[in-house]
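Below: one structure, written as structure tokens.
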Number of protein chains: 2
Amino acid sequence: MPPVRRQARGERRIADVLDATLALFAEVGYEKTSTNAIAARAGMSPGSLYQYFPNKEAIAEALSQRLVEELRAAHTTAFGEADVTGLPLAELISRVVDPLVAFNVAHPGAKALFGNAAMPAALAAGSRPLQSAVTGRVAAIIRARSPELPLPDAERTAMVAVQIVAALMGPIVAAEGDERAALIAELKRALVGYLESAER
Amino acid sequence: MPPVRRQARGERRIADVLDATLALFAEVGYEKTSTNAIAARAGMSPGSLYQYFPNKEAIAEALSQRLVEELRAAHTTAFGEADVTGLPLAELISRVVDPLVAFNVAHPGAKALFGNAAMPAALAAGSRPLQSAVTGRVAAIIRARSPELPLPDAERTAMVAVQIVAALMGPIVAAEGDERAALIAELKRALVGYLESAER
DNA sequence: GACGAATACGAGCGATCACTCGTAATCTCC
DNA sequence: GGAGATTACGAGTGATCGCTCGTATTCGTC
């Protein structure tokens, strides 16, 4: 498998494919998004699509990787990691949740990759990064704030917190205006309540 | 549409179909469960299957209705509704959550109907009962405990609580032994923390 | 401008899906 | 025991899916 020499045109086409895939995932979800529909939305033929990706799963995988990077960028610019331990819990949660919400609102369809247990099992490698990148980050923060907490407990707490966020992200993205703001507030309250009792 | 006269044999076959459907939903989810596979698992031909159900959606709908009834039965026997307002919050949550967990452990695949936003939109009528039967119940309990809470707020709080439960039900069902117990404890802590701050 | 590599096309292949239909066995009720 | 309804079958239909392949065009490089 020699790494293919790629022209600038090709890079652009790949980006087009990922854009189209994200849009379709947002509209109909992973399973019901056909590869022919992706090609059509990206303005190319099925044959051209398969010049860049070996199969549908690889498309989701590449999209997932791109989203992971965008998410990481959004988070690292959102807070300088040094002061994490000193921050009040509510403040910390806002600084993590707000960019995450903004990210999901900006990229609806990300949750098709993010929260989806119905993903093909083989896609674990492609879908898991998004899920576990976030969980790992949260676990690290929890460990930094509560060093005495056993590692398995910190990981379980992080996983639960991420599941709660993922569960409410759908309604939050679907809602608008005041209702969305109210749901975000509820999410933060839920996290504060849960993590406060976990830190004690 | 005159209600079809059904023989005892037919009733048994319908139950067989729903059993098979629930098992397959647990294994591969709604989308990837084929009607031919349902028929085969139920020990009948596709033609016989379609004697009892007009389409795949109707099968899911009937299964959902059966689960709603079983769930209602499990809950009403689990607590006499009179003392709901007086109970300590943690106790109340245990009495609601424990039967729900037991139900989902006994019927894996119920969550394919329960928590699934990827369900066909038209299935709202079939899948919503399970979701909204639980949410409505929770909203009623919240209103009973906090009568001064505006109704929209109570409904939103109930919805969030149910989403949290649904989000953790998957990991809980998937886990075993101590890990499952630990996750159930986390779920209850999360609910206590959230609902305490909501009741205030 | 010529040559190889990369890009591009789209009809169509094989598989699978939800669902049908002609036919036959079995049950209910008189 | 016979008529009509119900139950049962399973090969088959049309649609859709992920994906291929033969061929044509464009690009980078000399």
Rounded interatomic separation in angstrom, taking CZ from A:Phe53 and P from C:dA8:
13 Å
Can you name the side-chain hydrogen bond (donor to acceptor under 3.5 Å, both in side chains) partners of A:Glu91, sequence neighbours left out?
A:Arg95
Rounded to the nearest angstrom, tell me the gap between atom CD in A:Gln51 and atom P in D:dG18.
19 Å
Shortest non-hydrogen contact between A:Thr157 and A:Ala198, atoms and distance
CG2-CB, 4.0 Å
Quick one: what's the B/S/- string for nucleotides 15-22 of chain C, heavy-atom cutoff under 4.0 Å, read 5' to 3'?
--SBBBB-
Only pairs at least two apart or in different chains count here, so list each salt bridge (charged side-chain N to carboxylate O under 4.0 Å, His left out) that has a residue in residues 162-180 of chain B.
A:Arg156-B:Glu179
In residues 12-23 of chain A, what residues come within less than 4.0 Å of DNA chain C, judged by heavy atoms?
A:Arg13
Tell me whether the count of non-hydrogen atoms from other residues, nucleotides or ligands lying under 6.0 Å of CZ in A:Arg72 goes above 12.
no
Near A:Glu69 CD, under 6.0 Å, is it more than 12 heavy atoms from other residues, nucleotides or ligands?
no
Should A:Phe25 and A:Leu63 count as side-chain neighbours, where that means a heavy-atom distance under 4.5 Å?
yes
Kindly say if A:Tyr52 contacts the phosphate of C:dA8, meaning a side-chain N or O under 4.0 Å from OP1 or OP2.
yes
Within the 4.5 Å heavy-atom criterion, are A:Leu168 and A:Leu183 side-chain neighbours or not?
no
Going by side-chain contact (heavy atoms from CB on, under 4.5 Å), name the residues that satisfy it together with B:Ala158, two or more places apart in sequence or in a different chain.
B:Thr135, B:Val138, B:Ala139, B:Ile142
I need a per-nucleotide contact map over nucleotides 24-30 of chain D, read 5' to 3'. Cutoff is protein heavy atoms under 4.0 Å; write B for the base, S for backbone only, - otherwise.
--SS---
Kindly give the heavy-atom pair with the smallest separation between B:Pro150 and B:Arg143, and that separation in Å.
C-NH1, 3.9 Å
Please confirm whether the backbone N or O of A:Glu31 pairs with a side-chain atom of B:Lys32, one donor and one acceptor, at under 3.5 Å?
no
From CG of A:Leu49 over to C1' of D:dC17, roughly how many Å is that when rounded to an integer?
13 Å
